[in-house]
Amino acid sequence: MAANTTQNRRVVSGMRPTGPLHLGNYHGALANWIDLQYRYECFFFVADWHALTTDYEDTTALKSNTREVIIDWLGAGLNPDACTIFVQSRIPEHAELHLILSMVTPVAWLERVPTYKDQIEQLKDKDLGTYGFLGYPLLQAADILMYRPEFVPVGEDQVAHVEITREIARRFNNIYGREPDFEARCERAIRRLGSRNAALYADLRHQYQEQGNAEALARARTLIESGARLTVADRERLLGHLEGGGRSILTEPAALLTRSPKVPGLDGRKMSKSYDNTIGLREDPDSVSKKLRAMQTDPARVRRSDPGDPEKCPVWDLHQIYSSETTKSWVQTGCRSAGIGCLECKKPLIDSVVTEIDTIRKRAREFEESPEVVGNIVAEGCERARTAARATMDDVRLAVGLENR
Ligand code: TRP
Ligand code: SF4
């Protein structure tokens, strides 16, 4: 959307503090964040309220998990001078926006989010028939819309949440996006299209609004986009005017699908805390190497002399993340010809993983040893986040017609 070009190309993402991070979290999300922090203005936060939606009964580890996740981030290479690191529950504006958005969000939209019924099915031991759990995606929408980002880097499983965020922003803008002198400003903007295009615009808008002609809509949009004499704000107004809405107060972000490799767990299933098959980001080297030595391989290789197929082996998936071309072709040939044993095959992998984890452990150790440094990083991040959040909430309150502070 046009408004984003005037912003500093922002990115927002969050993680629930469910326990120590593992290699799956690292390659699935964190490595991408570390890359993004130098290319965008990034806001990364611990979604501790989201952890409450499923784990409201036992909150004993919530605070320490939050701290540990932040240490994992810093250890992995998030740089507090390059990005903003904060904790969701310390920015009360998120709760306020969530509340306001709840007024305009149809319950059916939330019930329709695919993760909703899935999770209730999957987590049968928990009672998720709560108001808070139904509102999970809405709270996420508030987290996102608060910072008016261009992108939200997420995995496949979160795309539906970004999609509903866009729908909610659109609905909010349609309801509250009208400026007092909206019509007059639109007329002025239309005149700037030039008389021929202004007449064409009026005709196309009519065709769209009266007859739902989608092609007319698309042509009118192009006309607006190419109106060289329009300001960014004019363009936004006209796009709203065209579809019968108003100006956009909350901007629609796009999901930035994380290009993430498949990270297998020790049993060959996806690495996940709930399968208890993980390797921790700060796990000690002996334990890492012991786990990898015992890791599942191609089940067809019962004996050392049985040839194997890397495509059927989770160890191969790890080689694809960690190993050079030379090592990989050594694995391919050696496995298929039974020229190498599985333990031999795992050796270079163990070295690479241990080296990676070692770097993270070293960097993390400094933060583990100085909680006050971590405290300051978070306090500063929260301050920066709040400044941005306050600005959005001023606009939101004004648009909704609430008293401003
Ligand atoms: N739901 C996300 C997850 O489970 C976490 C999250 C909360 C989030 N708020 C967000 C992610 C805002 C991106 C943007 O991974
Ligand atoms: Fe897997 Fe390597 Fe064993 Fe082949 S040799 S089955 S790729 S561990």
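Counting starts at 1 for both ligands and their atoms, following the listed order. Bear in mind that the values here come from a model prediction, so they are computed numbers and not experimental data.
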Test: [X] and [Y] ion pair at under 4.0 Å:
X: E252; Y: R170; value: yes
X: E111; Y: K117; value: no
X: E344; Y: K347; value: no

Sorted by chain and number, protein N/O/S atoms nearer to atom 1 (Fe) of ligand 2 than 2.8 Å are C313 SG
Looking at A218, is its backbone amide N or carbonyl O close enough to the side chain of T222 to form a donor-acceptor pair, meaning the two atoms are under 3.5 Å apart? yes
_Can you confirm, on distance only, whether ligand 1 has an N/O atom lying under 3.5 Å from any N/O atom belonging to H161?_
no
Ligand 1 N/O within reach of Q158 N/O, cut-off under 3.5 Å
yes
Any donor-acceptor N or O pair under 3.5 Å, side chains E283, S287 = yes
Does the side chain of Q140 come under 3.5 Å of the side chain of H50 through a donor N or O and an acceptor N or O?
no
Discussion item. Do L110 and I164 have side chains that approach each other closer than 4.5 Å (heavy atoms only, starting at C-beta)?
Written reply: yes
Atom 1 (N) of ligand 1 sits nearest the protein heavy atom Y136 OH, 2.7 Å
Near A47 (heavy-atom distance under 4.0 Å), the atoms of ligand 1 are 7 (C)
